[in-house]
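Step one of this worksheet: look at the structure below.
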Amino acid sequence: MKRIESLLCLWLIAVLSFGQFIPVAVNNTAIYDFLDELENEGIITLNSAIKPYSRALVADKLLEAWDSDVKMSARMEAELEYYINAYRLETGNNKKVHGDIDFVRKNDKSAFSINPPGYSYKDEKGFIALKPIFGAEGFSNANGMEYTHYQGITGFGALGHWGFYSTLVDNKESVIMSDYPFLVNRHGGVYKRGPNEFEDVRGGITYDNGWLAMGIVKDFVQWGDNYNGAAIISDRAPAFGHLFIKLQPWTWFEFNYIHGWLSSGVVDSSQSYMQADGEYRDIYANKFIASNMFTFHPVKGLDFSVGNSLIYDGILNPTYLIPFLFYKSADHVYNNMYVPGKGSGQNAQLFTSVSYKGIKHLNLYASGYVDEFRSSRIGNDTLHNYWNLKAGFRLSNWPVKNMAVTAEYTKTTPNTYRHYVPTTTYESNFYNLGHYLKDNADERFVSVSYAPVKNLHLLVSYAHARRGKDYGYNTLSDVENEKRPFMDEVRWYNKSIAFKARYQLFYDVFLFGSVVRSEVGGADAKLYTPKYFLGKTTTFSGGFNVGF
């Protein structure tokens, strides 16, 4: 591990000299899982409740692991070196390394390559990179054969403390698989009906000086530790534009804030109008989210986070651009809450997340989300508060090296994530911003993964997800809302056993395949599930992916 100490010192100097916040795609699970593994071994520390990570942070943690004296398995050492090379632009160089396949490489500054795919340039001022994105996946079961494919391009770079990036991907599905009514744990999109296509556009400009990062971006946000669907803020909804602040002045404290522009999907009739050509133009009501999270590291291995958010409509309110507020109390000033029966408040939430990694090999985690809470409901079997709870653990490299065992439980009571005002629901583009199963639902998830050699990942998992009645929201009677029982009838369920294999051929170039045996049923099965996956099916799939 010490054979490149001199080179490492140069890299560390470069990392400390340049800061930039360029997000690593949250669906790039290979690198996120590897960083989790490093942390479970006590090699690095991370706030895993807040994603995405930046490329600079990932590079810094990889180098921290390289310089660690903690013993790793041979497979982990090989993957660590592999990923350090993959993040070489952030670690201060663009030199050719073993395994590179170049069309052109000039002066250790610029390269046009097959591995890593794309173009890159690095000098003392900063770097830029341009990379292709494309891939496809085919599915086969008793209902026939279907497919998805996508193609696009991404570019990113940094000049000093400034970072910038832009990504455009066009997605096509032979049958719609990710629409907002479906209870599936995958990115959604705004579909063009007929061709079953949607575009994924992400990008932003950011500033990062090492302890303060901020910017304006359009990207996914994921808050809350999880391995099968975040419950506080998830990446189920299409990426939305937002301002963000990440503040970490001390090792024991971190603060995160976003202010986002959401899509309400609700027509504002006062702003809509008839055009000169006779076509009516719909204008949609404005919808925003302000959300913050305070994270504390009181002792080694323990992360405790608490935060709140507000969904509000109408005009942009500068009050909610103040990052550190308790937004529900601020909302009381603006929405007539002091007149009994005349309240017209916005939609507020509270949440917390905790992770303990003080025991080597083990991560214990939980998150809680509260949409509405009244102490009078506690201890009353006929009433309930509106909340979500997710709890789980991951055990890595013990008792078997290169193996990880994960178990996770999620429960969401009726009315959670909902609101009686259509323009302040916890949604964007009609996709829930929280857990993908929405309210009145639960899920049990267990997986065993094994990585026998570098870049090969095998996984067996079992999931049992359920959803009860969709009560809607009674705007006339809150008493009726709080009396609605949890899961008195299972209206939808999905039991699935999956075997998945993934191999990273080049940097961010994957070959993958899976076999999934599933049973999807219930009175609402057709509403929540693509027709292709209804009933008892054994689905074989395979494909490839280049970039994210």
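- D442 has a carboxylate O that lies under 4.0 Å from a charged side-chain N of R466, or vice versa, which qualifies the two as a salt bridge.
- A ring-centre distance under 6.0 Å is found for F324 and F255.
- The number of heavy atoms from other shown groups lying within 6.0 Å of NZ (K172) is above 12.
- Residues Y312 and Y320 bring their aromatic ring centres within 6.0 Å.
- Using a 3.5 Å distance cut-off with no hydrogens or angles, the side chains of K390 and T410 do pair a donor with an acceptor.
- Checked against the 6.0 Å centroid threshold, Y32 and Y53 count as a close aromatic pair.
- One finds no salt bridge joining D524 and R467 here, because no Lys/Arg side-chain nitrogen approaches an Asp/Glu carboxylate oxygen to under 4.0 Å.
- Residues Y369 and Y417 place their aromatic rings such that the two centres sit under 6.0 Å apart.
- Using modelled atom types and a 3.5 Å distance limit, the side chains of E173 and Y147 yield no donor-acceptor pair.
- There is no side-chain donor-acceptor pair under 3.5 Å between Y327 and Q346.
- For F253 and F296, the distance between ring centers is under 6.0 angstrom.
- Checked for salt-bridge contact, K469 and D488 meet the test: a charged N lies under 4.0 Å from a carboxylate O.
- Side-chain contact, E408 with Y365: a donor N or O sits under 3.5 Å from an acceptor N or O.
- Between F288 and H259, the angle of the ring planes lies from 30° to 60°, which puts this pair in the tilted group.
- A cation-pi contact links R394 to Y227, judged by a cut-off of 6.0 Å to the six-membered ring centre and 45° from its axis.
- Remark: K357 engages E39 in a salt bridge, criterion side-chain N to carboxylate O under 4.0 Å.
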